[in-house]
Amino acid sequence: KNEVEQSPQNLTAQEGEFITINCSYSVGISALHWLQQHPGGGIVSLFMLSSGKKKHGRLIATINIQEKHSSLHITASHPRDSAVYICAVFKAAGNKLTFGGGTRVLVKP
Amino acid sequence: DSGVTQTPKHLITATGQRVTLRCSPRSGDLSVYWYQQSLDQGLQFLIHYYNGEERAKGNILERFSAQQFPDLHSELNLSSLELGDSALYFCASSVTGAGETQYFGPGTRLLVL
């Protein structure tokens with residue numbers, strides 16, 4: 001079993017819909033990264049979380065350390081949100097990232 | 001634009017050859033990380049350098065090596081290339097490396113024929 005699991009693997013939404021991507025991990029972590037990979041391949045760091053909740057524009061990320069779970073929410077989704085979203089964790093006392101398999105999001109106009 | 005640069009953007013080579021990928025971190029960042037993204041394995045951590053010293057190794061093959069130079073740029077050397085080495089290679093940088101936000105370069109797409 002992978003140490004970092006994401007669900008769903010693929011998601012299709014209509015423009016304007018609320019999207020949720022889930023990430024569960026099985027190891028102790030010091031922080032969790034949400035990354036966005038565009039169709040061209042470039043990777044952008046969206047959030048880094050060690051507790052609670054962060055918001056940036058239409059994106060919200062939450063983490064529950066006790067439950068070893070994080071969610072990424074996209075409100076009022078737009079076709080430009082179409083990308084692969086990747087969850088990655090820093091294991092406790094570590095400085096290397098372990099990645100989930102990614103969630104491919106397609107937002108249709 | 002993350003401020004991290006990678007060259008070349010694309011590389012096509014043959015099996016058995018050797019290539020060098022280059023990464024320049026954001027100004028002020030001391031840590032450089034290398035990652036491999038292949039279709040079947042997803043993103044995998046290869047190696048981390050901090051201020052010229054190796055800090056952590058991941059699933060890096062013995063045929064691969066890296067170094068970070070005094071000006072903080074880094075090179076990833078891939079030798080005796082195999083078809084399975086075809087992948088996107090990303091570098092990322094961060095200020096110190098202690099579990100903080102990493103900024104990714106645009107990647108080098110390697111195709112081994």
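Letters go in sequence order (proteins before strands), and every chain restarts at 1.
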**Q.** Heavy-atom closest pair, residues B:Glu100 and A:Met48
**A.** C-SD, 3.3 Å

Q.
Let me check something: do B:Phe64 and B:Val112 share a hydrophobic cluster, defined by ILVMFWY side-chain heavy atoms less than 4.5 Å apart, either directly or through other members?
A. yes

Q: Please round to the nearest 0.5 Å and tell me the distance separating atom CZ of B:Phe45 and atom CZ of A:Phe99.
A: 9.0 Å

**Q.** side chain to side chain contact (heavy atoms under 4.5 Å, CB included) between A:Leu97 and B:Tyr33, intermediate numbers included
**A.** CA-CA 10 Å; A:Leu97 284 171; B:Tyr33 310 81; over 6 Å; no

Q. In terms of heavy-atom contacts, does CD of B:Glu62 have more than 12 from other residues, nucleotides or ligands at under 6.0 Å?
A. no

**Q.** Pairwise distance CD1(A:Ile43) to OH(B:Tyr103) - rounded to 0.5 angstrom
**A.** 15.0 Å

Q. Contact part of B:Ser2 toward chain A, heavy-atom cut-off under 4.5 Å: side chain, backbone, both or neither?
A. neither

Q. Is it true that B:Ile60 and B:Leu43 fall in one hydrophobic cluster, defined by side-chain heavy atoms closer than 4.5 Å?
A. no

Q | Neighbour count >12 (heavy atoms, 6.0 Å) for atom CZ, A:Arg104 | A | no

Q.
Can you tell me if B:Leu113 has over 12 outside heavy atoms packed within less than 6.0 Å of its CG?
A. yes

Q) How long is the span from the NE2 atom in A:His33 to the CZ atom in B:Phe104, to the nearest 0.5 Å? A) 6.5 Å

